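Remarks on the structure that follows.
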Amino acid sequence: MSTKREINVTDYANQITAAIPKGVLVTTKDGDKVNCMTIGWGTLGTMWSMPMMMIYIREGRFTRQMLDASQDFTLNVPLGETKTQKITAYCGAKSGRDTDKVKDLGLTLVESDLVKAPGIAELPLTLECQVLYRQLLDKNAVPEDVKKTMYPEDVDGTFPMCNRDYHVCYYGKILKAYIIE
């Protein structure tokens, strides 16, 4: 049985922000369906005087549908030198519409305390977050060089990496932070 050691998220801010570009998981749950997706973009900070984790999900992603339905998520971050590259590669390339990534990878789900989405023991630094706000990026305000590289018009929205779908920014209030041990 897993235990959770509660942490102050600011004590781990450098570790979280350093891990994001390498790949961390966002986990969602809607009904009995659990889905995890690798993200490489995120912002940890303060908004409206609350600790906040902002995550960016493309419009066409299955995770977006799950987030819109559930209104909560966990952010799952590897700790130390754990070998999670196989997990993040698979969760970034496969869609939860088509496969059960948790089952495929044999991930260990740990029930959360305050949100529906579970944590994942293999990526033990866990933030439980409640979606307070979401905003689609304004494509007219995105710099042209970024549009060309990150939002190529000729790449279908189902492509797992850069494609024509813009991101929705989800502002997740951090309700609880802990390490699964």
Side-chain angles (χ1 to χ4, degrees), residues 1-13 15-20 22-44 50-58 61-134 160 168-181:
M1 180 173 193
S2 300
T3 60
K4 300 172 191 166
R5 179 171 45 92
E6 228 172 306
I7 60 169
N8 181 333
V9 72
T10 58
D11 292 343
Y12 288 82
Q15 202 161 349
I16 294 166
T17 57
I20 291 170
K22 297 173 188 170
V24 298
L25 294 185
V26 169
T27 304
T28 56
K29 182 177 183 181
D30 184 24
D32 292 335
K33 176 76 172 170
V34 173
N35 185 55
C36 45
M37 177 183 150
T38 302
I39 64 166
W41 296 0
T43 306
L44 177 66
M50 293 179 262
M52 203 73 63
M53 185 69 221
M54 282 79 78
I55 60 172
Y56 305 88
I57 309 293
R58 289 188 189 269
R61 296 287 186 248
F62 182 63
T63 298
R64 179 182 179 214
Q65 292 176 326
M66 301 261 315
L67 273 169
D68 288 347
S70 69
Q71 295 297 301
D72 68 40
F73 63 91
T74 57
L75 188 78
N76 309 268
V77 181
L79 271 180
E81 297 300 316
T82 58
K83 303 288 186 214
T84 58
Q85 187 174 5
K86 177 184 172 190
I87 295 170
T88 56
Y90 190 82
C91 291
K94 301 291 182 179
S95 173
R97 278 189 194 100
D98 307 321
T99 190
D100 183 339
K101 293 183 261 187
V102 172
K103 182 180 174 188
D104 294 351
L105 292 167
L107 298 177
T108 309
L109 300 181
V110 177
E111 190 172 330
S112 291
D113 295 333
L114 302 173
V115 299
K116 295 179 287 282
I120 297 176
E122 290 78 7
L123 291 93
L125 198 163
T126 305
L127 306 181
E128 293 186 18
C129 302
Q130 174 190 11
V131 175
L132 296 183
Y133 179 73
R134 66 180 181 266
V168 177
C169 178
Y170 288 86
Y171 293 69
K173 178 182 179 184
I174 300 168
L175 303 175
K176 193 166 192 177
Y178 49 84
I179 296 172
I180 300 169
E181 299 177 321

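If you're wondering where the values come from, they're calculated on a predicted model, not measured in any experiment. Reckoned from all heavy atoms, side chains included, excluding hydrogens, waters and symmetry mates.
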For the pair D104 and K94, find out whether any cationic side-chain nitrogen is under 4.0 Å from an anionic carboxylate oxygen. no
Residues E6 and Y178: closest non-hydrogen pair is CA-CB, 3.8 Å
Let's go through R134 and I57 carefully: what are the C-alpha distance in whole Å and the side-chain angles of both, what is the deciding distance for side-chain contact (heavy atoms from CB on, under 4.5 Å) to 0.1 Å, and is it a yes or a no? CA-CA 10 Å; R134 66 180 181 266; I57 309 293; over 6 Å; no
In Å, rounded to the nearest 0.5 Å, how long is the span from OG1 of T84 to CG of L123? 5.0 Å
Greater than 12 external heavy atoms within 6.0 Å of K173's NZ: no
Just wondering, more than 12 heavy atoms not from K22 lying within 6.0 Å of its NZ? no
Distance check, rounded to the nearest 0.5 Å: T27 atom OG1 versus L67 atom CG? 10.0 Å
Look only at the side chain of K101 and the backbone of L107, and say whether a donor-acceptor pair between them is shorter than 3.5 Å. no
Do N76 side-chain atoms and I120 backbone N/O form a donor-acceptor pair below 3.5 Å? yes
What's the spacing between Q130 CD and K176 NZ if we round to 0.5 Å? 15.0 Å
For D30 and K116: C-alpha separation, side-chain torsions, deciding distance, then whether side-chain contact (heavy atoms from CB on, under 4.5 Å) applies. CA-CA 8 Å; D30 184 24; K116 295 179 287 282; over 6 Å; no
Spell out, as yes or no, whether a donor-acceptor pair under 3.5 Å connects the side chain of S70 to the backbone of D72. yes
Side-chain heavy-atom pair D113, E128 within 4.5 angstrom cut-off: yes
Just how far is it from atom CZ of R5 to atom CD of E181, taken to the nearest 0.5 Å? 4.5 Å
Would a 4.5 Å heavy-atom cut-off, applied to side chains only, mark L125 and I7 as touching? yes
Do V26 and T74 make a side-chain contact, defined as non-hydrogen atoms from C-beta onward lying under 4.5 Å apart? no
V131 side chain near F73 side chain, heavy-atom distance below 4.5 Å: yes
Which heavy atom of V115 sits nearest a heavy atom of C129, and at what distance? CG1-O, 3.7 Å
Euclidean distance, D11 CG relative to I16 CD1, rounded to 0.5 Å: 10.0 Å
Counting C-beta onward and ignoring hydrogens, is there a side-chain heavy-atom pair between V24 and T88 closer than 4.5 Å? no
Give me the atom names and distance for the closest heavy-atom approach of C169 to Y56. SG-CE2, 3.4 Å
Can you give me the closest heavy-atom contact between K29 and D32, atom names plus distance? CE-CA, 4.4 Å
Please find the pair of heavy atoms, one from G119 and one from T126, that lie closest to each other, and give the distance. CA-CG2, 4.1 Å
Heavy atoms, side chains only, cut-off 4.5 Å: are Q65 and R97 in contact? yes
Atom pair CG (L105) and SG (C36), whose distance is rounded to the nearest 0.5 Å: 7.0 Å
Between F62 and K33, is the side-chain contact (heavy atoms from CB on, under 4.5 Å) condition met? List the steps. CA-CA 11 Å; F62 182 63; K33 176 76 172 170; 3.7 Å; yes
Is the closest side-chain donor-acceptor distance between T63 and N35 under 3.5 Å? yes
Min side-chain heavy-atom separation I174-L75 under 4.5 Å: no
What's the shortest heavy-atom distance between G92 and T38, and which atoms? N-OG1, 3.3 Å
Would a 4.5 Å heavy-atom cut-off, applied to side chains only, mark Y90 and T99 as touching? yes
